[in-house]
Amino acid sequence: MVLSKKKDKITFEEAFKGLEEVVNQLESGNLSLDESLKYFEEGISFLRTCRGRLQDAESKIEILISQEDGEFCQKPFDGDVIKEEQE
Amino acid sequence: MNSLKVYSVQEITRYIQDLIKNDPNLAFIWVRGEISELKVHSSGHMYFVLKDEAARLRGVMFRSRVRGLRFKPAAGMEIFVLGYIGLYERNGEYQIYAEEMLPSGPGELYVAFNELKSRLQAEGLFDVNKKRPIPPYPDKIAIVTSPTGAAIKDIITVSKRRFPPVELLIVPTLVQGKDAPEEIVKALRRADASGADVIILARGGGSAEELWCFNDERIARAIRTCVVPVVSAVGHETDYTIADFAADMRAPTPSAGAEMLVPDIRELMTSLNLYEQRLFYIMRRRIELMQERLQSIQNRRIFLRPKEMIDGMRMDLDRLQERKFRAIQGRIDLEKENLKAISEKLALLNPLSTLNRGYSVTYHFSSGELIRNIKQVMVGEIIEVMLTDGSIICKVNEKKVRDGIE
């Protein structure tokens with residue numbers, strides 16, 4: 001049930017599926033006006049979440065690097081650095 | 001040849017070409033070797049390398065001859081090639097121009113590949129029902145590959161084009177050589193634990209030997225033990241590796257892998273816009289419907305001419321009240337008639353009316369029991385005789401049996 005789902009950060013997939021379900025529920029026409037309004041508000045919030053994710057203009061590309069202590073850390077990956085290494 | 005003359009590259013190449021062409025030993029020969037680096041160009045010509053433990057020989061077979069082949073050559077196969085040796089001027093390389101090609105039984109690598117494939121298949125490692133579903137909109141993709149290879153560049157380019165805010169994590173590993181399988185297994189584990197939604201195991205195109213490390217049992221098992229689904233994207237479209245069979249999905253190339261995994265932002269935007277339109281349309285329609293219903297309720301008579309309705313109801317009420325009274329009066333009259341008839345019947349049946357005519361009734365005084373014959377009384381007993389106006393309390397002096405009655 002979509003309405004009961006509470007999560008700090010929902011994934012794009014969850015928001016997209018949520019939106020799909022809300023629209024289907026609304027289109028089924030089995031809801032009271034109050035319920036419809038709740039679903040509608042929820043749909044708008046899913047829509048905002050999805051759009052928000054799509055409008056994060058920056059890509060995030062990282063590489064897993066092993067450190068001297070044997071642990072791994074993530075560092076931004078720059079394709080240009082690689083190019084230089086190849087040359 | 002004059003050693004003082006300076007030749008152009010073309011001249012010396014032509015000279016060597018002639019030497020080869022005119023050597024009857026090279027004009028019509030069978031060569032045996034393992035086929036490798038097999039490529040069928042879009043023109044239909046087939047390029048390959050024949051090799052054995054010690055040497056390599058480039059080869060080409062033209063389209064018209066390729067069409068006539070009765071088997072499908074594959075990298076790793078041991079074959080016989082019939083043809084002539086010629087020199088390809090542009091590359092300065094000699095090669096065999098193949099007229100015919102026959103399989104001489106599979107090469108060693110080919111056998112090893114098939115053996116491993118059937119063994120893992122029998123074990124159920126490639127079962128379709130074990131394949132994990134690929135997330136349609138992954139938030140984060142881990143890429144197990146060489147950070148310096150062509151594959152990573154292709155994947156990044158395609159991913160950024162399709163979905164600019166994409167989140168990728170490169171998990172570096174060797175992708176060829178004998179240490180590669182161990183490294184790939186470790187990298188897969190790291191990728192699996194990285195919080196990514198899906199993993200791509202990728203490597204750009206190469207010869208069968210270069211891709212050979214992906215035909216490793218350890219990699220197949222590591223793929224199956226990952227929690228996150230794994231997509232293999234190794235080599236070119238025609239290259240199949242054990243990793244491909246073990247993976248949850250096979251992409252023909254690294255670029256194609258990125259195409260499959262990374263959603264197209266324009267398509268997503270379009271579907272979001274459609275959903276938005278549908279949402280607003282449904283709500284608007286819903287509200288319009290409610291308004292129509294409200295309007296139709298408001299148009300009913302009770303709201304338009306309420307007094308008329310109330311007057312009507314008042315008249316109904318009066319009529320009903322009148323009917324009620326009539327019904328009750330009728331019922332009372334009927335009951336009165338009934339009562340009268342019953343009283344008359346009762347008067348006829350009343351035993352006391354018999355007493356009026358001089359009869360009497362006798363009871364035991366003590367018990368009040370009715371006395372019907374003389375056997376019920378004893379001499380000396382007190383009895384009560386009831387007459388029309390009262391009773392006489394008597395004592396029985398004597399009993400007489402009526403004559404004729406015994």
Side-chain angles (χ1 to χ4, degrees), chain A residues 9-29 31-33 35-37 39-66 71-72 74-79 81-87, chain B residues 135-150 152-153 155-157 159-161 163-173 186-187 190-191 193-197 262-263 265-266 268-269 271-287 289-290 293:
Chain A
K9 196 206 169 196
I10 90 167
T11 65
F12 180 87
E13 188 177 344
E14 284 168 333
F16 197 79
K17 277 193 178 149
L19 179 61
E20 204 168 19
E21 200 183 319
V22 161
V23 171
N24 286 338
Q25 281 286 346
L26 281 171
E27 284 181 345
S28 77
L31 302 173
S32 71
L33 188 62
E35 283 172 322
S36 296
L37 280 168
Y39 271 89
F40 177 74
E41 275 169 29
E42 209 189 16
I44 295 296
S45 124
F46 281 138
L47 200 64
R48 268 198 207 118
T49 307
C50 290
R51 287 234 171 90
R53 288 302 310 275
L54 296 190
Q55 281 154 0
D56 288 347
E58 279 301 294
S59 58
K60 189 176 163 196
I61 301 176
E62 292 185 318
I63 182 161
L64 208 60
I65 305 260
S66 67
E71 293 291 303
F72 283 84
Q74 299 185 6
K75 292 218 168 95
F77 179 77
D78 189 352
V81 175
I82 300 305
K83 239 187 220 163
E84 281 164 26
E85 278 173 17
Q86 275 183 323
E87 279 163 6
Chain B
Y137 313 109
D139 277 324
K140 183 176 173 184
I141 302 171
I143 306 152
V144 173
T145 191
S146 155
T148 57
I152 189 62
K153 271 190 214 157
I155 289 175
I156 290 176
T157 310
S159 303
K160 276 173 128 175
R161 169 170 57 76
F163 195 81
V166 72
E167 190 177 341
L168 304 176
L169 174 67
I170 299 152
V171 185
T173 176
K186 282 187 198 152
R190 271 174 222 133
S194 69
D197 304 310
V262 180
I265 198 163
R266 282 162 304 177
L268 285 177
M269 281 295 193
S271 358
L272 283 180
N273 290 343
L274 279 175
Y275 276 129
E276 186 178 34
Q277 282 169 21
R278 275 164 75 184
L279 261 181
F280 279 95
Y281 173 78
I282 301 157
M283 271 332 273
R284 199 178 310 122
R285 188 77 200 105
R286 186 78 206 241
I287 288 164
L289 270 175
M290 290 307 269
R293 271 173 65 187

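Letters A, B, ... mirror the listed sequences (proteins, then strands); counts begin at 1.
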Note to self: Please evaluate residues A/Arg51 and B/Asn273 with respect to the criterion side chain to side chain contact (heavy atoms under 4.5 Å, CB included), reporting the C-alpha separation (whole Å), side-chain torsions for both, the decisive distance (0.1 Å), and the verdict.
What the structure shows: CA-CA 10 Å; A/Arg51 287 234 171 90; B/Asn273 290 343; 2.6 Å; yes
dist A/Ile61:CD1 -> B/Ile152:CD1 (nearest 0.5 Å) comes out at 8.0 Å
Looking only at heavy atoms, the pair that brings A/Leu54 and B/Pro165 closest together is O-CG, 3.7 Å
Turns out that what part of B/Met269 lies under 4.5 Å from chain A's heavy atoms comes down to both
From the list B/Lys160, B/Lys140, B/Glu167, the residue making the most non-hydrogen contacts under 4.5 Å with chain A is B/Glu167
Applying a strict 4.5 Å limit to non-hydrogen atoms, the region of A/Glu27 in contact with chain B is both
Would you call A/Lys60 and B/Leu169 a side-chain contact if the rule is heavy atoms closer than 4.5 Å?
no
When the 4.5 angstrom heavy-atom criterion is applied to B/Leu272 and chain A, the contacting part is both
Here the gap from B/Lys186 atom NZ to A/Ser66 atom OG, rounded to the nearest 0.5 Å, amounts to 10.5 Å
All heavy atoms of B/Pro164 vs all of A/Ser59, minimum pair found to be O-CB, 2.9 Å
Are any non-hydrogen side-chain atoms of B/Pro147 and A/Ile63 less than 4.5 angstrom apart?
yes
Turns out that what part of B/Phe280 lies under 4.5 Å from chain A's heavy atoms comes down to both
query: Just wondering, are more than 12 heavy atoms of other shown residues or ligands nearer than 6.0 Å to CZ in A/Phe72?
result: yes
Between the CG atom in A/Leu26 and the CD1 atom in B/Ile282, the distance rounded to the nearest 0.5 Å is 5.0 Å
request  = Would you mind reporting whether A/Leu33 and B/Arg286 have side-chain heavy atoms less than 4.5 Å apart?
outcome  = yes
When rounded to the nearest 0.5 Å, the distance separating OH of A/Tyr39 from CE of B/Met283 is 12.5 Å
CZ (A/Phe77) and CG (B/Leu168) are apart, to the nearest 0.5 Å, by 10.0 Å
**Asked** What's the verdict on side chain to side chain contact (heavy atoms under 4.5 Å, CB included) for B/Gln277 and A/Val23, showing C-alpha distance, side-chain angles and the deciding distance?
**Response** CA-CA 10 Å; B/Gln277 282 169 21; A/Val23 171; over 6 Å; no
Taking every heavy atom of A/Gly43 against every heavy atom of B/Leu279, the minimum-distance pair comes out as C-CD1, 3.7 Å
Okay, B/Ser159 and chain A: the region with an atom under 4.5 Å from a heavy atom over there is neither
The interface call for A/Ile44 against chain B, heavy-atom contacts under 4.5 Å, is both
Tightest non-hydrogen contact, residues A/Asn24 and B/Arg278, listed as OD1-NH2, 3.6 Å
*Does CZ in B/Arg266 sit with more than 12 non-hydrogen atoms of other residues, nucleotides or ligands closer than 6.0 Å?*
no
So CG of A/Leu37 and CD1 of B/Ile287: to nearest 0.5 Å the spacing works out to 6.5 Å
request  = Kindly determine whether B/Tyr275 and A/Cys50 satisfy side chain to side chain contact (heavy atoms under 4.5 Å, CB included), including the steps that lead there.
outcome  = CA-CA 11 Å; B/Tyr275 276 129; A/Cys50 290; over 6 Å; no
